[in-house]
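Okay, structure first, notes after.
Computed over heavy atoms, backbone and side chain alike; hydrogens, waters and symmetry mates excluded. For ligands, and for the atoms within them, numbers begin at 1 and follow the listed sequence. Here the structure is a predicted model, which is why all the values come from computation and not from measurement. Residue indices begin at 1 and follow the sequence shown.
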Amino acid sequence: MKQLPMPIINKQRCTRCGQCISQCPTQAVEMIDQYPMIVHPAQCTYCGICEEICPLNAVELLYTITVHQ
Ligand code: SF4
Ligand code: SF4
């Protein structure tokens with residue numbers, strides 16, 4: 001099974017404003033139990049928009065590297 005990197009949403013910081021949901025270009029995020037969740041991980045392109053637009057810096061994309069061999 002392929003492992004996909006996912007943005008991490010910090011529930012302690014999140015104010016549930018919904019911007020990460022409305023601005024995700026692939027509709028990968030939805031509100032579940034009043035908090036945003038990456039409910040469609042296969043749709044996430046790891047574009048970084050949710051991290052960039054979150055006013056509370058509650059979204060973090062883990063650092064990734066590409067190794068060329
Ligand atoms: S943009 Fe940030 S504060 Fe707003 S719902 Fe998403 S994670 Fe929460
Ligand atoms: S990284 Fe991009 S595609 Fe993935 S959840 Fe955030 S905005 Fe959507």
Side-chain angles (χ1 to χ4, degrees):
M1 190 187 209
K2 194 178 162 196
Q3 295 284 319
L4 300 166
M6 282 296 106
I8 294 171
I9 300 172
N10 184 328
K11 283 187 177 179
Q12 270 74 44
R13 286 190 182 178
C14 176
T15 57
R16 297 173 274 174
C17 70
Q19 288 188 56
C20 57
I21 296 167
S22 61
Q23 299 205 38
C24 172
T26 63
Q27 287 84 47
V29 196
E30 287 181 16
M31 206 64 94
I32 302 289
D33 291 335
Q34 302 186 329
Y35 281 98
M37 288 186 67
I38 315 293
V39 290
H40 304 292
Q43 287 174 209
C44 174
T45 57
Y46 220 53
C47 68
I49 290 175
C50 52
E51 182 184 54
E52 205 170 295
I53 55 92
C54 177
L56 278 299
N57 295 322
V59 187
E60 183 184 6
L61 271 67
L62 299 177
Y63 180 72
T64 61
I65 59 169
T66 304
V67 178
H68 299 279
Q69 292 179 329

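Of the residues Ile49, Leu62, Leu61, the one that meets the side-chain contact (heavy atoms from CB on, under 4.5 Å) test with Pro7 is Leu61.
Nearest protein neighbour of atom 5 (S) of ligand 2, counting heavy atoms only, is Val29 CG2, 3.5 Å. Looking only at protein heavy atoms, the nearest one to atom 3 (S) of ligand 1 is Thr15 N, 3.5 Å. The closest protein non-hydrogen atom to atom 8 (Fe) of ligand 1 is Cys14 SG, 2.4 Å. Of the protein's heavy atoms, Cys20 SG, 2.4 Å lies nearest to atom 6 (Fe) of ligand 1.
The closest side-chain heavy-atom distance from Val29 to Met37 is not below 4.5 Å. At least one side-chain heavy atom of Ile9 sits under 4.5 Å from a side-chain heavy atom of Ile38. Residues Pro55 and Gln19 meet the side-chain proximity criterion, which asks for heavy atoms closer than 4.5 Å.
Here is the list of ligand 2 atoms found below 4.0 Å of a heavy atom in Cys24: 3 (S), 5 (S), 7 (S), 8 (Fe). Residue-ligand proximity, Thr26 to ligand 2, at heavy-atom distances under 4.0 Å covers atoms 3 (S). Using a 4.0 Å cut-off to heavy atoms of Tyr46, the atoms of ligand 2 that qualify are 1 (S), 4 (Fe). Against a heavy-atom cut-off of under 4.0 Å, Gly18 is close to the following atoms of ligand 1: 4 (Fe), 5 (S).
In this structure, the side chain of Glu60 does not engage the main chain of Ile8 through any donor-acceptor pair within 3.5 Å.
Other residues, nucleotides and ligands place more than 12 heavy atoms under 6.0 Å from the CD atom of Gln23.
Note that the CD atom of Glu52 and the SG atom of Cys20 stand 13.5 Å from one another [nearest 0.5 Å]. Between the CD1 atom in Ile53 and the SG atom in Cys24 there is a gap of 9.5 Å [rounded to 0.5 Å].
Contacts with ligand 2 closer than 4.0 Å are made by heavy atoms of both the backbone and the side chain of Thr45. Of the heavy atoms in Arg16, only backbone atoms (N, CA, C, O) come closer than 4.0 Å to ligand 1. Only the side chain of Val59 comes within contact range of ligand 1, with a heavy atom under 4.0 Å; no backbone atom does.
Residue side and main chain included, Cys44 places no N/O/S atom under 2.8 Å of atom 6 (Fe) of ligand 2. Among the backbone and side-chain atoms of Cys17, no N/O/S atom is found under 2.8 Å from atom 2 (Fe) of ligand 1.
The side-chain contact (heavy atoms from CB on, under 4.5 Å) check on Cys14 picks up Arg16, Tyr35, Pro36, Ala58, with sequence neighbours excluded.
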What verdict does the side-chain contact (heavy atoms from CB on, under 4.5 Å) test give for Gln27 and Gln43, after you've listed the backbone C-alpha separation in whole Å, the side-chain angles of each residue and the deciding distance to 0.1 Å?
CA-CA 7 Å; Gln27 287 84 47; Gln43 287 174 209; 4.3 Å; yes
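At a 4.0 Å cut-off, at least one heavy atom of Pro25 sits close enough to ligand 2 to count as contact.
Nearest to atom 2 (Fe) of ligand 2 by heavy atom, out of Cys50, Cys47, Gly48, is Cys47.
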